[in-house]
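See structure below.
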Amino acid sequence: MRRKDAELRSRKSGRAQGAHERIRSVVRLIPEGRVVTYGQVAEIAGGVTPRMVGYAMASLRPSSGVPWHRVVNASGEISLPSGAGAEEQRAMLESEGIVFDEKGRIDLEKFRWSGPGASSS
DNA sequence: CTTTTGACGCGTA
DNA sequence: CTACGCGCCAAAA
């Protein structure tokens, strides 16, 4: 059976509390000094598409307590438009030890978080 | 109830 | 490297 069936079922069963809520929980699991791509979050949360992740972040409140700054796009770059806190995000990441190259990209091979099940390093 | 919108990802040219 | 389009689905107005 395809995962979709299970996911679809949860969605139909009313199990879907709110895609955001689930996404928020996932993002909150991201350890310091690590980053995850939207697609990664979507994969971990399950049943959500990358769009949903981005949309959830956009809808997040500044004080939601979610380390949204650890979420970057598949290219390892910050997505936020200037003014939305992009510079702030980069500052926080660098503060956590994340390194950006001249193009403002992160080495996902080194800083990507493998998920809640995978141990650091 | 309907319509708009949106922090993405990926294939293809 | 750039540019374009499609898919994906929920929340907000």
Side-chain angles (χ1 to χ4, degrees):
Chain A
M1 82 156 184
R2 298 181 176 268
R3 288 163 66 199
K4 275 213 157 169
D5 294 308
E7 292 162 0
L8 194 64
R9 184 155 58 76
S10 7
R11 187 151 54 84
K12 288 192 70 158
S13 295
R15 182 39 108 175
Q17 308 171 322
H20 310 192
E21 233 171 281
R22 193 153 61 218
I23 292 168
R24 257 189 300 183
S25 338
V26 174
V27 175
R28 204 172 339 201
L29 299 174
I30 306 173
E32 240 177 62
R34 270 321 191 314
V35 293
V36 210
T37 67
Y38 291 91
Q40 193 89 55
V41 174
E43 193 178 350
I44 295 169
V48 299
T49 64
R51 283 258 173 159
M52 302 276 80
V53 179
Y55 184 42
M57 302 283 102
S59 201
L60 276 182
R61 297 192 196 77
S63 318
S64 52
V66 178
W68 56 271
H69 57 266
R70 300 201 185 122
V71 185
V72 295
N73 66 22
S75 308
E77 312 169 79
I78 292 178
S79 285
L80 281 77
S82 326
E87 298 176 35
E88 186 181 284
Q89 176 175 13
R90 172 166 175 166
M92 281 190 286
L93 291 175
E94 290 188 300
S95 160
E96 291 183 5
I98 307 296
V99 181
F100 288 78
D101 64 9
E102 303 83 65
K103 296 186 181 74
R105 299 196 312 196
I106 301 170
D107 186 344
L108 293 177
E109 297 291 295
K110 298 179 53 173
F111 298 104
R112 191 178 73 167
W113 179 50
S114 303
S119 305
S120 20
S121 313

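FYI, side chains are in, hydrogens and waters are out, and symmetry mates aren't considered; it's all heavy atoms of this structure. Just so you know, these numbers come straight off a predicted model, no measurement behind them. The chains referred to below are lettered A, B, ... by the order of the sequence lines, with proteins before strands, and numbering in each begins at 1.
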What is the distance from CZ of Arg61(A) to C1' of dA12(C), rounded to the nearest Å? 13 Å
Short question: side chain of Arg24(A), backbone of Leu60(A) - any donor-acceptor pair under 3.5 Å? no
Report the distance from atom CG of Leu60(A) to atom P of dG6(B), rounded to the nearest whole Å. 16 Å
Quick check: on DNA chain C, is the nucleotide nearest His20(A) upstream (toward 5') of the one nearest Pro50(A), or the reverse? Name the residue that is more 5'. Pro50(A)
Pick base, sugar-phosphate or nothing for Arg24(A), based on heavy-atom distances below 4.0 Å to the nucleic acid. nothing
Upstream residue (5' side of DNA chain C) when Ser59(A) and Met52(A) are each assigned their closest nucleotide: Met52(A)
Rounded distance (nearest 0.5 Å) linking atom OH of Tyr55(A) with atom CD1 of Ile23(A): 11.0 Å
Nearest-nucleotide 5' precedence on DNA chain B, Asn73(A) against Tyr55(A): Tyr55(A)
Proximity to the side chain of Thr49(A) - top-ranked nucleotide from dC9(C), dA10(C), dG9(B): dC9(C)
Starting from P on dG9(B), measure out to CZ on Arg112(A) and report it in whole angstrom. 12 Å
Looking only at side-chain atoms of Ala19(A), point me to the closest of dG9(B), dA10(C), dC1(C). dA10(C)
Where the side chain of Gln89(A) meets the backbone of Val71(A), is there a donor-acceptor pair that is under 3.5 Å apart? yes
Shortest non-hydrogen contact from Val72(A) toward Glu77(A): CB-O, 3.4 Å
note: Asp101(A), atom CG; dC1(C), atom C1'; distance rounded to Å ~ 15 Å
